[in-house]
There are 2 protein chains.
Amino acid sequence: MEKSPRNTKQRRTLAQVFAGADQPLSVEEAWVRVRRLQPRVALGTMYRNVRGLLEQGELAVVHFPGQAARYELEGKAHHHHFECRSCNQAFDLSGCTDKVRFKVPRSFKVHGHEIIVYGLCAKCAAKR
Amino acid sequence: MEKSPRNTKQRRTLAQVFAGADQPLSVEEAWVRVRRLQPRVALGTMYRNVRGLLEQGELAVVHFPGQAARYELEGKAHHHHFECRSCNQAFDLSGCTDKVRFKVPRSFKVHGHEIIVYGLCAKCAAKR
DNA sequence: TGCTAATTGCTAATCATTCTCGTTTAGCAG
DNA sequence: CTGCTAAACGAGAATGATTAGCAATTAGCA
Ligand SMILES: [Zn+2]
Ligand SMILES: [Zn+2]
Ligand SMILES: [Zn+2]
Ligand SMILES: [Zn+2]
């Protein structure tokens, strides 16, 4: 009664690209890399497969305000991100304040949270 | 040499709507409320004026992963937001864990942070 | 080798947001 | 108060990211 996700060439290539990425990739960024290994892949297929891998828990989504969604391999420990406002790069921040309980009314049900720290990365901070 | 922003009726109404809002509003949500006070306002004008108020520092933007941007009056005390995953509404959470220090490398320059707590609001939590 | 449903490529359709352009109007000089 | 002009407006086209529809292709299995 389960689904039977097919092991297609394009899905394999996509997973391979994410496995070899050193930073979260947008769907189009991933598309560019996939096409280097296998031309003639449709962008729509990228979106479909990213969603598939996401649902299978193989990818995690990383959102940066005002930008297209990016994805990275799932499986890292709970962590958050730092966004450089100059070069726009994203960095992983290990750990979490754990105290993310806030004054959420008791009638609310908390599922999780997301934290983004903004600023300048080492390189960009040095330039000024 | 400065700009001369005109005090139009639609800009006034928009500011009034945000002043009376108890939660961050998307441009379309604001549009609905504006039209209750003044019909025949174009959506494009909403976007124009939101951007204007934003640039004048009268509004602040709040981003929710995968959703349209929301805006609220600038100048409130430091706070964060709760997003209901059922009805999609945004709620203000007062205060902050303050312990948001993380292990950001000392060479990085921190400007600020954003925290979003996900879950179900009181109403939606009750329905199940 | 053959069958069939999952997947693909392509295109059309959404959604949020911006842009264009002809018309209206706030703000100001006369 | 009257006119002028550039800012702002309304309507709708354009853009960029993402999703949906559909006929053709193909992975997985008998
Ligand atoms: Zn940087
Ligand atoms: Zn955390
Ligand atoms: Zn709710
Ligand atoms: Zn805070």
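We name chains A, B, ... by the order of the sequence lines, and we start the count at 1 in each one.
- Under 4.0 angstrom from either OP1 or OP2 of C:dT8 there lies at least one side-chain N or O belonging to A:T8.
- Of the residues in residues 27-37 of chain B, those placing a heavy atom less than 4.0 Å from an atom of DNA chain C are B:E28, in numerical order.
- In the interface, the side chain of A:R48 is not paired with the base of C:dT7 through any donor and acceptor atom under 3.5 Å apart.
- A sub-4.0 Å separation between OP1 or OP2 of D:dG10 and a side-chain N or O of B:Q10 is present.
- For the pair A:R51 CZ and C:dT7 C1', the interatomic distance rounds to 13 Å; values are reported in whole Å.
- Relative to the side chain of A:A42, the nucleotides D:dA17, C:dG9, D:dG10 differ in distance, and C:dG9 lies closest.
- Because its NZ or CZ atom is not both nearer than 6.0 Å to the ring centre of B:W31 and within 45° of the ring axis, B:R33 does not count as a cation-pi partner of that residue.
- The closest side-chain donor-acceptor pair between B:T8 and B:R11, if any, does not fall under 3.5 angstrom.
- Using a 4.0 Å cut-off, no side-chain N or O of A:Y47 falls inside it from OP1 or OP2 of D:dT19.
- Judged by Watson-Crick or G-U wobble contacts below 3.5 Å, the nucleotide D:dC22 has C:dG9 as its partner.
- A:Q67 places its CD atom 16 Å from the C1' atom of C:dT17, with the value rounded to the nearest Å.
- Between B:R6 and D:dC9 there is no side-chain N or O to OP1 or OP2 distance below 4.0 Å.
- With D:dA17, D:dA8, C:dT17 as the candidates, the nucleotide lying closest to the side chain of B:L43 is C:dT17.
- Atom CZ in A:R11 sits roughly 13 Å away from atom P in C:dG9 (whole-Å rounding).
- A donor-acceptor contact under 3.5 angstrom links the side chains of A:H80 and A:H78, judged on distance only.
- Phosphate contact (OP1/OP2 of D:dT26, side-chain N/O of A:N7, threshold under 4.0 Å): absent.
- Ranked by how close their nearest DNA chain D nucleotide is to the 5' end, B:T45 and A:A68 are led by B:T45.
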